[in-house]
Amino acid sequence: MNHYDNRYADPSSYRERRSDLIGPPPPVGPPAIGGYGRGGPVPYGGPPPAYGRGGGSAPPAGAGNFNGYPPFEPPVGRFDIGRGGGRTANGHVGVGDRRVGSVGRGGAGGRGFDLGRGGGRLGTSRDGGVRRDLDNIALPKQDFGNLVHFEKNFYVETPSVRAMSEHEAVAYRTRREIMVEGHDIPKPIRMFHEANFPDYCLEVIAKLGFVEPTAIQAQGWPMALKGRDLIGIAETGSGKTLAYLLPALVHVSAQPRLGHGEGPIVLVLAPTRELAVQIQEEAVKFASRANIRSTCIYGGAPKGPQIRDLKRGVEIVIATPGRLIDMLEAQHTNLRRVTYLVLDEADRMLDMGFEPQIRKIVAQIRPDRQTLYWSATWPREVETLARQFLRNAYKVIIGSPYLKANQSIAQVVEVVTEVEKYNRLIKLLKEAMDGSRILIFMETKKGCDQVTRQLRIDGWPALSIHGDKSQAERDWVLAEFKTGRSPIMTATDVAARGLDVKDIKCVINYDFPSSLEDYVHRIGRTGRAGAKGTAFTFLTHSNAKFARDLVKILQEAGQVVSPALSALARSAGSALGGSGGNFRTRGRGGGYGNRALISGSNVIPLGGRRPW
DNA sequence: AAAAAAT
């Protein structure tokens with residue numbers, strides 16, 4: 001037990017023991033806010049230094065610069081993706097050399113390293129073949145026969161928590177709408193210091209300006225610190241990331257230090273690259289203070305630096321599944337030291353597209369690990385599947401156990417026809433352009449590109465992010481959006497979950513999403529951390545099957561339901577059928593999207609007038 | 001019928 005007690009009494013001791021270790025990369029500084037204003041010209045200093053070729057080149061003459069928004073500057077050079085990786089500017093040569101076919105360890109279990117990707121044996125179509133390959137990669141079987149015990153219970157009640165009566169704990173949970181399940185549930189904490197985090201955590205928390213734990217943190221922290229498995233469900237923007245990251249740091253600090261060739265202790269899995277990067281940025285803020293190293297492993301970026309981080313030894317890995325499996329297959333790392341596993345956006349991670357990959361990864365991790373699932377949405381069907389990977393789990397739900405939207409988002413639903421959408425969008429933009437950001441969701445990548453193109457022709461400073469764009473372009477577009485240099489972003493569901501961008505005052509669902517869970521996540525890009533936001537949603541008759549459940553979500557959040565929406569709801573059945581049947585029922589449409597041009601020429605110069 | 005996740 002009191003491992004952790006001792007450590008906490010002297011937080012410097014661990015740092016000293018580890019003084020030989022190299023610290024993590026410095027945290028990424030917050031992007032400068034501003035640069036976009038209603039009246040004035042927008043300062044634009046040329047393409048982003050990270051990607052720019054020449055740097056700071058003046059935008060070409062012509063309409064493109066009229067509003068001060070840059071024409072698209074193709075971010076090439078640094079991420080020379082898809083050409084073998086040997087020619088990157090920073091000279092990571094031969095990343096591909098040591099990949100497939102390396103011999104498995106001679107030890108127990110099959111090795112199954114013979115599934116090269118070079119041959120494309122499962123079909124050469126870009127879309128489809130790739131995923132089947134991924135699913136077919138066999139990782140070496142792990143032998144968990146004689147593992148040594150590891151410590152995972154670090155929860156020590158402070159006197160003030162101990163003094164809380166059972167009755168007070170229940171009252172606190174009622175007041176903050178905390179619903180708990182499981183055996184031996186700890187009392188919630190009311191203040192940050194009651195979680196017994198190391199001082200550096202409290203310092204960073206103070207610096208970030210947080211005053212009180214959110215409900216999910218108040219109950220989730222003591223549960224996670226107890227070392228038990230956990231399902232944590234709380235609305236978008238309510239602080240789930242810190243709810244699992246801070247216990248992760250405590251967990252890491254109490255484990256034996258990494259030996260040569262050992263992989264991470266904490267593994268966090270996320271469904272998109274941008275979300276993984278964002279979690280990593282959050283982790284670094286805290287971990288760097290404890291000399292705990294963390295890194296992000298995700299596709300579309302050069303492997304060299306990622307491999308280097310893994311080889312050097314890193315306590316926390318935040319990853320998207322595909323690249324992690326790739327790294328495991330190539331034995332750049334292993335998961336034999338992982339004792340704290342997090343699935344962020346867990347319902348998404350367990351849906352059809354991801355489940356096989358998750359199974360593969362989880363099979364590499366010792367069964368007595370601590371496993372934590374987090375999401376704002378948790379369809380009933382997922383839980384059965386999820387429980388396969390859990391033991392004696394707690395469950396904590398904030399607010400209603402049903403599908404629920406964040407209450408601080410105003411939701412406006414408009415019943416329209418397909419052809420009316422664009423003009424209606426323009427009207428909304430004219431009202432909404434006030435210096436903050438506007439995020440527009442589309443159903444398809446192609447639709448995304450088409451609307452973005454038209455918006456730019458009409459002079460609207462919009463850029464688009466979706467999965468057919470190069471990672472460099474995705475990074476660049478998101479950065480332009482975050483800084484406000486390009487205040488309108490159109491997106492597919494790649495941007496639906498988890499992304500935390502400041503000052504998104506307005507989300508527009510140009511196309512209705514394919515599930516109500518996605519609806520809740522999409523609109524949750526606004527109204528973060530108690531801020532207000534507005535979500536506009538275009539609903540057509542072809543979306544009628546969602547109307548009834550959408551009405552429920554609106555009512556639950558205290559929103560006005562328009563007569564048009566009620567009428568549509570009455571005219572159609574429920575999308576959820578008996579029991580939420582829209583989960584895991586959809587197959588993948590093959591070969592749909594069109595690959596974005598590497599040159600970025602799908603982003604056209606802005607039209608020559610300022611329409612707002 | 002879509003998106004995402006390796007090259």
Side-chain angles (χ1 to χ4, degrees), chain A residues 79-86 88 94-100 115-120 122 124-137 139 269-276 297-304 306-307 319-330 332 343-345 347-361 441-449 464-471 474 490-499 510-515 517-518 521-522 542-543 545 582 585-595:
Chain A
F79 292 149
D80 196 0
I81 304 161
R83 308 222 190 137
T88 55
V95 188
D97 294 353
R98 40 187 333 187
R99 36 164 207 167
V100 206
L115 284 168
R117 28 189 147 93
L122 290 170
T124 44
S125 79
R126 229 205 112 254
D127 197 12
V130 171
R131 294 302 154 200
R132 271 194 295 278
D133 258 357
L134 187 56
D135 292 347
N136 277 349
I137 289 171
L139 297 173
L269 296 171
T272 67
R273 297 163 182 176
E274 286 78 9
L275 180 55
I297 301 299
Y298 61 102
K303 286 182 180 176
Q306 296 181 4
I307 295 170
T320 52
R323 177 61 69 86
L324 177 65
I325 290 173
D326 192 16
M327 293 292 186
L328 291 168
E329 181 204 14
H332 294 309
L343 268 71
D344 204 346
E345 306 296 347
D347 56 333
R348 180 76 186 77
M349 301 305 286
L350 293 171
D351 85 6
M352 275 181 50
F354 278 115
E355 187 205 325
Q357 298 168 50
I358 299 303
R359 279 187 189 282
K360 208 181 300 286
I361 292 168
F441 282 105
M442 314 286 166
E443 184 67 22
T444 65
K445 294 175 277 203
K446 200 168 149 192
C448 226
D449 285 339
S464 168
I465 189 167
H466 60 64
D468 270 354
K469 294 187 175 293
S470 72
Q471 192 56 38
R474 283 165 62 164
T490 63
T492 59
D493 279 326
V494 70
R497 282 177 177 254
L499 291 190
Y510 192 89
D511 300 317
F512 198 80
S514 55
S515 75
E517 285 79 14
D518 290 340
H521 285 280
R522 281 179 175 191
S542 63
N543 309 128
K545 62 174 182 289
N582 65 334
T585 56
R586 292 178 297 276
R588 302 175 51 253
Y592 184 81
N594 54 327
R595 189 86 181 147

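By convention in this document, chain letters (A, B, ...) are assigned in the order of the sequence lines, proteins followed by strands, and residues within each chain are numbered from 1.
Residues satisfying the salt bridge (charged side-chain N to carboxylate O under 4.0 Å, His left out) criterion with A:R497, sequence neighbours excluded, are A:E345, A:D347. Every residue two or more places apart in sequence or in another chain was checked for a salt bridge (charged side-chain N to carboxylate O under 4.0 Å, His left out) with A:D344, and none qualifies.
Checked by distance alone, A:R273 brings no side-chain donor or acceptor within 3.5 Å of a matching partner on the base of B:dA5.
Spacing between atom CZ of A:F354 and atom C1' of B:dA3 amounts to 9 Å, rounded to whole angstrom units. B:dA3 atom P lies 13 Å from atom NZ of A:K469, rounded to whole Å. When the P atom of B:dA6 is taken as reference, atom CG of A:L328 falls 12 Å away, rounded to whole Å. Atoms NZ (A:K303) and C1' (B:dT7) sit 6 Å apart, rounded to a whole Å. The nearest whole Å value for the distance from the NE2 atom in A:H466 to the P atom in B:dA5 is 12 Å. Distance CD1 (A:I325) to P (B:dT7): 12 Å, rounded to an integer number of Å. Atom CG in A:L343 sits about 16 Å away from atom P in B:dA5, given to the nearest Å. In this structure, CG of A:L350 is placed 17 Å from P of B:dA5, rounded to the nearest angstrom.
The shortest distance between the side-chain N/O atoms of A:T492 and the OP1/OP2 oxygens of B:dA4 is below 4.0 Å. A:T444 has no side-chain polar atom (N or O) that falls below the 4.0 Å cut-off from OP1 or OP2 of B:dA1.
Nearest nucleotide to the side chain of A:E329, out of B:dT7, B:dA6, B:dA4: B:dA6.
Using a 4.0 Å cut-off between charged nitrogen and carboxylate oxygen, A:R348 and A:D351 count as a salt-bridge pair.
A donor-acceptor contact closer than 3.5 angstrom is absent between the side chains of A:H521 and A:D493.
When heavy atoms are screened at a 4.0 angstrom cut-off, A:R474 is found touching the sugar-phosphate backbone but no base atom.
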